[in-house]
S.K.: 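Have a look at this one before I ask anything.
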Amino acid sequence: MQQITLTQPDDWHLHFRDNDMLLETVPATARTFKRAIVMPNLVPPVVNAELASAYRERILAARPQGSDFEPLMTLFLTNNTTVEDIRAAKKAGVVAAKLYPAGATTNSDAAVKGIEALFPVFAEMAEQGLLLLIHGEVTESHVDIFDREKLFIEKFLVKIVDQFPQLKVVFEHITTSDAVDFVNTSSQNVAATITPQHLLLNRNDLLVGGVRPHNFCLPVLKRSTHQQALRKAVATGSSKFFLGTDSAPHEKQAKESACGCAGCYSAWSALELYAQVFEELDALDKLEGFASHHGADFYGLPRNTKKITLVKDAWQVPESITLPNGELIVPFFAGQTVQWALK
């Protein structure tokens, strides 16, 4: 197949960051996607409707001229989140709230300690129709980093789903066969996003031959058997799995440092790389559902009407991107060849 035409896709999980960074991240996403679920882990985090609305306006101001790209805003849950916060968020057009266990990822130190304390908030979210987006990892230091997703399912996620059957839950950026099995055996109110990096890479791509900081993300890349489970899941065409890039920019100096910031900035190549994966799986006929239909359907939003076309035309991802402040970002798959291109 030399070209494929799809309903314009949406990105159901990404990080734009803020301020000058938006001048890079928003246009890079808007070139491909019509809508995107915007993560709220700024500094300070987006914890209420007022902050979400202000952040949305900053994103809209960074859109390219003539773009109709639409950011979909989320709330950052903390132990201080109230049912009144949820009601106000719904009224302001916020579509979901994000649960980060404290310390699970970038800028998550203000997040939740003691998930059961948020059960009244979850009940109100179910009542208001706000989705619960979950970074599903435990964060206790004694737990092996490769086991944290599996243990979160056993310790917390089963309990949340059982306690709130009417609450729509998105298990974000899943990385393990355990997560695939959990989503597949749960009700239709449970779904998951899958990133390009977790479909394309495994922990060898992070660790063999020396640590590769630009492949470091959280949840961390897992062994190849888990990667294959994710690839098998998307190849089935199940509506329970959909596109969420987790595109997460960091300046080059922050990635290549003792900090080793987590995140892969994939906005420059994400859709094209997904197409490459689906072609490898002989499942290009399943790409449109994964990229364009399943997420919108799960969120209860209309599918997009515009079409886009990808063509079989090899190109190279840039080695680096210069930000407005002069600093560099190394994009995901930097310097590597991608087989599909946006027409």
Side-chain angles (χ1 to χ4, degrees), residues 4-14 29-30 32-39 68-75 89-90 93-99 122 125-136 157 160-161 164-174 179-196 198-199 229-247 270-271 273-275 277-278 281 283-310:
I4 181 170
T5 297
L6 309 170
T7 302
Q8 186 175 14
D10 304 299
D11 188 343
W12 298 100
H13 181 114
L14 62 66
T29 294
T32 305
F33 299 105
K34 173 66 172 66
R35 297 172 292 204
I37 290 286
V38 181
M39 292 296 106
D68 61 354
F69 171 77
E70 181 184 0
L72 302 173
M73 308 310 294
T74 63
L75 219 59
K90 176 67 175 181
V94 170
V95 300
K98 181 65 182 281
L99 175 65
F122 296 161
M125 289 173 61
E127 179 71 22
Q128 295 291 334
L130 253 66
L131 281 73
L132 175 62
L133 316 182
I134 296 180
H135 182 121
L157 195 50
I160 292 170
V161 169
F164 303 99
Q166 302 308 312
L167 179 64
K168 281 193 168 183
V169 175
V170 181
F171 196 174
E172 300 281 16
H173 43 49
I174 62 170
V180 170
D181 291 342
F182 175 80
V183 172
N184 274 328
T185 57
S186 295
S187 78
Q188 290 303 307
N189 279 343
V190 178
T193 55
I194 303 180
T195 75
H198 290 108
L199 290 169
L230 299 179
R231 290 168 70 95
K232 182 178 178 181
V234 301
T236 66
S238 168
S239 62
K240 281 177 158 281
F241 304 100
F242 45 86
L243 185 156
T245 64
D246 196 19
S247 182
L271 183 63
L273 288 172
Y274 281 119
V277 169
F278 277 75
L281 296 171
L284 273 173
D285 60 317
K286 305 296 197 305
L287 178 61
E288 185 174 37
F290 177 81
S292 311
H293 296 163
H294 301 164
D297 295 347
F298 190 78
Y299 272 79
L301 296 171
R303 295 179 179 181
N304 298 323
T305 55
K306 182 180 173 183
K307 300 288 185 178
I308 64 163
T309 298
L310 295 169

S.K.: Checking Lys286 against Phe278: charged group under 6.0 Å from the ring centre and within 45 degrees of the axis?
M.R.: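 Output no; distance or angle outside limits.
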
S.K.: Under the criterion side-chain contact (heavy atoms from CB on, under 4.5 Å), I'd like the reasoning laid out for Leu243 against Phe33: C-alpha separation, chi angles, the key distance, then a yes or no.
M.R.: CA-CA 11 Å; Leu243 185 156; Phe33 299 105; 3.8 Å; yes

S.K.: Is there a donor-acceptor pair under 3.5 Å between the side chain of Lys34 and the backbone N or O of Ser292?
M.R.: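 No, because the side chain of Lys34 does not come within donor-acceptor range (under 3.5 Å) of the backbone of Ser292.
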
S.K.: Leu284 and Ala275: which non-hydrogen atoms are nearest, and at how many Å?
M.R.: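 The pair with the smallest heavy-atom distance is CD2-O, 3.7 Å.
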
S.K.: To the closest 0.5 Å, what do you measure between CD1 (Ile174) and CD1 (Ile134)?
M.R.: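 Reported value, rounded in 0.5 Å steps: 12.5 Å.
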
S.K.: Is Leu72 close to Leu301 at the side-chain level, that is, under 4.5 Å between some pair of heavy atoms?
M.R.: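 SC-SC contact between Leu301 and Leu72 confirmed.
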
S.K.: Testing the basics here: between Ala296 and Asp10, what is the closest heavy-atom pair and its distance to 0.1 Å?
M.R.: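 So the minimum-distance heavy-atom pair works out to CB-OD2, 4.4 Å.
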
S.K.: Using a 4.5 Å cut-off on heavy atoms from C-beta on, say whether the side chain of Leu271 contacts that of Ile308.
M.R.: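 The answer is yes, as the side chains (C-beta and beyond) meet within the 4.5 Å cut-off.
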
S.K.: Any side-chain heavy-atom pair from Arg35 and Asn304 closer than 4.5 angstrom?
M.R.: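 Side-chain contact under 4.5 Å: yes.
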
S.K.: Would Ile37 and Tyr299 satisfy side-chain contact (heavy atoms from CB on, under 4.5 Å), going step by step from the backbone distance to the final call?
M.R.: CA-CA 10 Å; Ile37 290 286; Tyr299 272 79; 3.5 Å; yes

S.K.: Atom CD in Gln8, atom OG1 in Thr305: separation rounded to 0.5 Å?
M.R.: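 One finds 8.5 Å between CD of Gln8 and OG1 of Thr305.
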
S.K.: Go through Thr195 and His13 one step at a time and tell me if the side-chain contact (heavy atoms from CB on, under 4.5 Å) criterion holds.
M.R.: CA-CA 9 Å; Thr195 75; His13 181 114; over 6 Å; no

S.K.: Which residues pass the side chain to side chain contact (heavy atoms under 4.5 Å, CB included) test with Lys307, not counting sequence neighbours?
M.R.: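 Partners of Lys307 by the side chain to side chain contact (heavy atoms under 4.5 Å, CB included) criterion, ordered by chain and then number, come out as Thr5, Thr7, Glu288.
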
S.K.: Would you check if Phe164 and Leu132 make a side-chain contact, meaning some heavy-atom pair closer than 4.5 Å?
M.R.: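 Not touching, per the 4.5 Å side-chain cut-off.
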
S.K.: Is there a side-chain contact between Asn189 and Leu167 (heavy atoms, below 4.5 Å)?
M.R.: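 A side-chain contact under 4.5 Å is absent here.
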
S.K.: Would you check if His135 and Glu172 make a side-chain contact, meaning some heavy-atom pair closer than 4.5 Å?
M.R.: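 Contact flag for His135/Glu172 side chains = no.
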
S.K.: When rounded to the nearest 0.5 angstrom, what distance separates CE in Met39 from NZ in Lys98?
M.R.: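 Nearest 0.5 Å value for the CE-NZ distance: 4.5 Å.
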
S.K.: Minimum heavy-atom separation for Lys90 and Leu130, please, with both atom names.
M.R.: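 It is CD-CD1, 3.4 Å.
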
S.K.: Let me know which of Phe241, Tyr274, Phe242, Trp12 forms a ring-ring contact (aromatic ring centres under 6.0 Å, His included) with Phe290.
M.R.: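 The single option meeting the ring-ring contact (aromatic ring centres under 6.0 Å, His included) with Phe290 is Tyr274.
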
S.K.: Looking only at heavy atoms, which two atoms of Lys168 and Asp297 are closest? And how far apart?
M.R.: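 Smallest heavy-atom distance, with atoms named: NZ-O, 4.2 Å.
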
S.K.: Do side-chain atoms of His293 reach the backbone of Arg303 as a donor and acceptor pair under 3.5 angstrom?
M.R.: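 No, His293 side chain to Arg303 backbone: no donor-acceptor pair under 3.5 Å.
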
S.K.: So which heavy atom on Ala291 is nearest to which on Pro9, and how close?
M.R.: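 Minimum heavy-atom contact is O-CB, 3.1 Å.
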
S.K.: From Phe171 CZ over to Ile160 CD1, what is the distance, rounded to the nearest 0.5 angstrom?
M.R.: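 Interatomic distance, Phe171 CZ to Ile160 CD1, rounded to 0.5 Å: 10.0 Å.
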
S.K.: Tell me, do Val190 and Leu157 make a side-chain contact under 4.5 Å, heavy atoms counted?
M.R.: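 Val190 does not reach Leu157 side chain to side chain.
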
S.K.: Answer whether the closest heavy-atom distance between the side chains of Gln188 and Lys240 falls below 4.5 Å.
M.R.: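 Yes, their side chains come closer than 4.5 Å.
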
S.K.: Find the distance between CG (Leu133) and CG (Leu99) and round it off to the nearest 0.5 Å.
M.R.: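 Answer for the CG-CG pair, Leu133 versus Leu99, is 9.5 Å.
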
S.K.: For a quick test of reading the model, state the closest non-hydrogen atom pair linking Val180 to Ala229 and the distance between them.
M.R.: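 Nearest heavy atoms, Val180 then Ala229: CG2-O, 4.0 Å.
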
S.K.: Show, in sequence, the C-alpha distance, side-chain angles and deciding distance for Val161 and Phe182, and conclude whether the side-chain contact (heavy atoms from CB on, under 4.5 Å) test is met.
M.R.: CA-CA 11 Å; Val161 169; Phe182 175 80; 3.9 Å; yes

